[in-house]
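Note that these values count all heavy atoms, side chains included, but never hydrogens, waters or copies made by symmetry. Letters go in sequence order (proteins before strands), and every chain restarts at 1.
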Amino acid sequence: MGEYMSSEEYIGFIECLRETFTYSLHRVFNISIDQLKEYFDKGVLKITRTPNPEYGDYGIALHPLFYKHGIDKNEWRILGEKIVDLIKNSEYIGKCFINDVKYVNGYVNVYIDYSRLYKRIVYEILDYKLYDKLKRIGGGRRVIVEHTSVNPIHPLHIGNARNSVLGSTFANLLKYLGFNVSEHFYVNDMGRQVALLVYGYRKLVENNVKKPSNIKIDHWYGIIYAIVNILLEKKKLYRKAHDLEERFVEIIEKYKPILDELLSKNKEYTLLRINVVVDNIYSKLKMKHSFRELIDIITSVLRDYLERQNRENKTINSVREFLDELNGILEEYESIYEEEREYSRAYTSLCNIYPMICSVLEREISDPEHVENEVQELMYRYEAGDKEVAKFFHEVANDVLSGFKESLKKINIVFDQFDWESGEAGRKYLDEVLTKISKLPYTLFEDKALIIDLDRAAKEHDYIAKLFGKDQPGRFVLRRSDGTTLYTTRDVAYSIYKFRDLGADLVYNVIAVEQVREQRQVKSTLYLIGYRDEAEKLVHFVYEMVNLKNMKMSSRRGQYYTLDEVIEDYTRIVAEKYIENQLRLGKKKLKIEPDLLREAFRKLGIACTRALLLSTDPLKVLVFDPRRLEDYDLGSWIIYTFVRLQSILRKAYGFEPLDNIDKLRNYAVKLYEDLREKEIILNTEEKNIVETLSNYSYTLLTVYNELKPNKILEYTNTLCMTINKLYEKHPILNEKDHIKKNTRLLLVIVSLLILKDLQTIMGFPLIKKL
RNA sequence: GGGCCCGUGGCCUAGCCUGGAUAGGGCGCCGGCCUUCUAAGCCGGAGACCCGGGGUUCGAAUCCCCGCGGGCCCGCCA
């Protein structure tokens, strides 16, 4: 197939328009080309869509220039028309698909020749030019995208899944842009959390509790972790409450003599009352009592007293202090009580379902301090290389990871590699890191502890100062006083490993927003110990949390909405909606085989799950109501459009489009050859599709630069909308006019190809029929 | 106490970095359209003091300052 236009590299028509305006403004306003370039780069001048097609398609506001040059409003039109004439008589008219140019109150607007743009875009896609252009962005550079990296202690929940979906979508995009991408999962197996789970699991093994065959293994471990954690936390809370009671007694004892003295001095009934109540409570503290009630009684008496006093004198002040101290205790007690209640509620429901685990662990966990020590011991031994302990850590982590893999596989996420914190990844460069840090001028030594004073480092290194901005870089601890290392230390070592051993040119870490500070500290450390280039190439892909309406998630309490559940729920909801629609349309019999339909529901469920997690800007908290999943159905909408395009093509050519992509392309090339020299006039709906398609590469580039995968979904949505409108308003296969029919058919094929790519990037399963 | 992020119709969201013409979508709601390429669709309608107050500007959802509300971070935790 031949070239439609000149052989020069096609730039988007927006860039082309920019050249056009630069040329004309340079001549009319006598501004230097460099100055104009600056204006465009800074956004002083900006090419935008017009609000109304009557004014043209794209335009530029001249107001900034008019004001800068002090041009009188009466002369605006004259200058504007000059620009219009200049463009009209230039080569740009042909080069940039311009049909007409107009001056409209302060703006110069151009009308795009959509039929030429249409041919160009279709040509680029069919001749692989577009793909080549996109592939050049990555140019084969090696990128590591680390994502998910959830502690292997419970099943993946919807919050973790946001990480996975963002990470995998971004990785897919990078592949599409020609990067050599590797997706990595960093296994945090050395922390206290895993040790806690290992502790619980070992107790169960000792008590002959076997792994269940009827429960997904990561879910089972999640229960163990939660129960151990709850038992421990509850014990700690009781201890805190007890301390509080002691403080209460101390306060009463402290104020008793003061109140006595006040009474004997002032001889007021109100004071007498306080004394009586205090005596009563003091006695009761030595009997069986409700701590909460006692505080309530005394605070209410004090409050009553203070309300009766109007004068500001010493009497009131000491009573007020008394009240304040009690209020403080009451508040603290309330929060402990509230927390305890939440733990208890979670515990009861867990134990109703898994009584075995509870009864064993309840027996074992009587002294929290003892458990803490054992957990601590497990960590030491694991870090020191104890084989017996390591066996358990590996078993637990691998079991949970196998659950992760199973869940993620469902939503089309497969990792290239798992890097273990306890293995080479976390430890290979550990010694080097520690040695280099100990030689830094900002390093503090306290016992065996190793701490970098990043505040000082920031004063001497602009790079670090800029990284933190107004934030305090803080002290960064890399080794504890007992000589053990921390997660963060191994994180620094792992970063080096990614560049040195895994050969990364660029690294993206998809990590939640709560770790921004830690990630900056890691970067600063890398920079300080001589890995400046690596520090620059280490990108923290930040994302916000997922919050559920009407449900508080807490992995420590074993309360979460798991990814597995979301997928199941979506699958059911999507199926119900489909069936309901068919019934509403008066249909009784299935159109396609039940198995195919069921598979389609499953795929739709997956698409919906991914779409939900992709729907919002990563920097915004994603809030949704799990009871109203049906409201978040962007995924199925896109797929339905995709299915519709296929059924049109199936009818047109008689073969299965997705199974014969090459054949389809060949047909499209023929259509293109046929239309190439013909005069075609596009309707509004067709123009909209062309325009949307023309933004394709720009959109992908934006997603890459700004780390905003949500924009891929948004774009896909727009494309589907424009196609649906064409389909609804104009016949395609039934169109009598040969040229019109082929024009539309070609648009359908090209849109299908693009839509297929977009869905692949977003990790949607492709569906043929519904 | 300090720092960062977010605040757009009943709900969700785009636009903000780089100021410009009538703030774009979706869900939900109301009214239409299935013997015509599958209606998970399309067409029409109601619904927004762009959190509040100042400032900069010819012009502010967008930039600056001060508040308010929500989230997150300030560990020899991960």
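Mapped onto RNA chain B by nearest heavy atom, Glu728(A) and Arg479(A) fall at different nucleotides, with Glu728(A) at the one closer to the 5' end. Comparing Asn581(A) and Val44(A) by the nucleotide of RNA chain B whose heavy atom lies nearest to each, the residue mapping closer to the 5' end is Val44(A).
At the heavy-atom level, Phe66(A) lies nowhere under 4.0 Å from the strands shown. No contact: Lys73(A) has no heavy atom under 4.0 Å from any strand. Among the atoms of the strands shown, base atoms are found under 4.0 Å from some heavy atom of Leu770(A). Using a 4.0 Å heavy-atom cutoff across all strands shown, Gln193(A) reaches no nucleic acid atom at all. No contact: Val542(A) has no heavy atom under 4.0 Å from any strand. Using a 4.0 Å heavy-atom distance criterion, Asn109(A) is classed as a base contact. Here Leu604(A) lies in heavy-atom contact (under 4.0 Å) with a base. Contacts of Phe468(A) with the nucleic acid, taken as non-hydrogen atoms under 4.0 Å apart, are absent. Within the 4.0 angstrom heavy-atom criterion, base atoms lie near Leu733(A). Counting any heavy atom pair closer than 4.0 Å across all strands shown, Thr50(A) reaches a base atom. Across all strands shown, Gly191(A) has heavy atoms under 4.0 Å from sugar-phosphate atoms exclusively, and none from any base. Note on Lys470(A): only backbone sugar-phosphate atoms sit closer than 4.0 angstrom, heavy atoms only; bases stay farther off. Counting non-hydrogen atoms under 4.0 angstrom, Gln472(A) reaches nothing in the nucleic acid. Note on Asp617(A): only backbone sugar-phosphate atoms sit closer than 4.0 angstrom, heavy atoms only; bases stay farther off.
Under the Watson-Crick or G-U wobble criterion, with both distances below 3.5 Å, U35(B) is left unpaired in every strand shown. In this structure, C29(B) and G45(B) make a Watson-Crick or G-U wobble pair, each of the two defining distances being under 3.5 angstrom. Base pairing of G69(B) is made with C6(B), judged by Watson-Crick or G-U wobble geometry with both donor-acceptor distances under 3.5 Å. Nucleotide A23(B) has no partner under the Watson-Crick or G-U criteria, as no pair reaches both atom distances under 3.5 Å. Nucleotide U18(B) forms a pair with no other nucleotide shown, judged by Watson-Crick or G-U wobble geometry with both contacts under 3.5 Å. A 3.5 Å limit on both hydrogen-bonding distances identifies no Watson-Crick or G-U partner for U62(B).
In textbook terms, a nucleotide whose glycosidic angle is within 90° of 0 is syn, and C34(B) is one such case.
Applying the salt bridge (Lys or Arg N to Asp or Glu O under 4.0 Å) criterion to Asp453(A), with sequence neighbours excluded, gives no partner residue. Taking the salt bridge (Lys or Arg N to Asp or Glu O under 4.0 Å) definition, one finds that Asp633(A) meets it with Lys577(A), sequence neighbours left out. Every residue meeting the salt bridge (Lys or Arg N to Asp or Glu O under 4.0 Å) condition with Arg602(A), not counting sequence neighbours, appears here in chain and number order: Glu568(A).
Taking every nucleotide of RNA chain B with any atom under 4.0 Å from a non-hydrogen atom of chain A, the first and last of them, 5' to 3', are G3(B) to A78(B).
The same atom, P, is picked in U62(B) and in G2(B); the two are 25 Å apart, to the nearest Å. For the P atoms, the distance from C30(B) to C4(B) is 46 Å, rounded to whole Å. Separating the P atom of U18(B) from that of U22(B) is a span of 24 Å, rounded to the nearest Å. A distance of about 42 Å separates the C1' atoms of C16(B) and C37(B), rounded to the whole Å. A distance of about 15 Å separates the C1' atoms of C6(B) and G15(B), rounded to the whole Å. To the nearest whole angstrom, the two P atoms, one in G24(B) and one in A61(B), are 13 Å apart. Distance noted for atom C1' between G45(B) and A60(B): 31 Å (whole Å). Taking the P atom of each, C49(B) and C12(B) are spaced 15 Å apart, rounded to whole Å.
Both tests do not hold together for Arg610(A) against Phe764(A): distance to the six-membered ring centre under 6.0 Å, angle to the ring axis within 45°. The cationic atom of Arg644(A) (NZ for Lys, CZ for Arg) lies less than 6.0 Å from the six-membered ring centre of Tyr727(A) and within 45° of the ring axis.
For the salt bridge (charged side-chain N to carboxylate O under 4.0 Å, His left out) condition, the pairs that include at least one residue of residues 511-523 of chain A, sequence neighbours left out, are Asp471(A)-Arg517(A).
Side-chain contact, Gln376(A) with Asn373(A): no donor N or O sits under 3.5 Å from an acceptor N or O.
In this pair, Tyr107(A) and His63(A) present their aromatic rings perpendicular. The plane angle is above 60°, beyond the 30 to 60° band.
Under the 4.0 Å criterion applied to side-chain N and carboxylate O atoms, Glu630(A) and Arg572(A) are not assigned as salt-bridge partners.
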Under 3.5 Å, side-chain donor or acceptor atoms of residues 472-479 of chain A against the rest of the protein: list the pairs with distances, not counting sequence neighbours.
unit_1, atom_1, unit_2, atom_2, d
Arg479(A), NE, Lys448(A), O, 2.9
Arg479(A), NH2, Lys448(A), O, 3.1

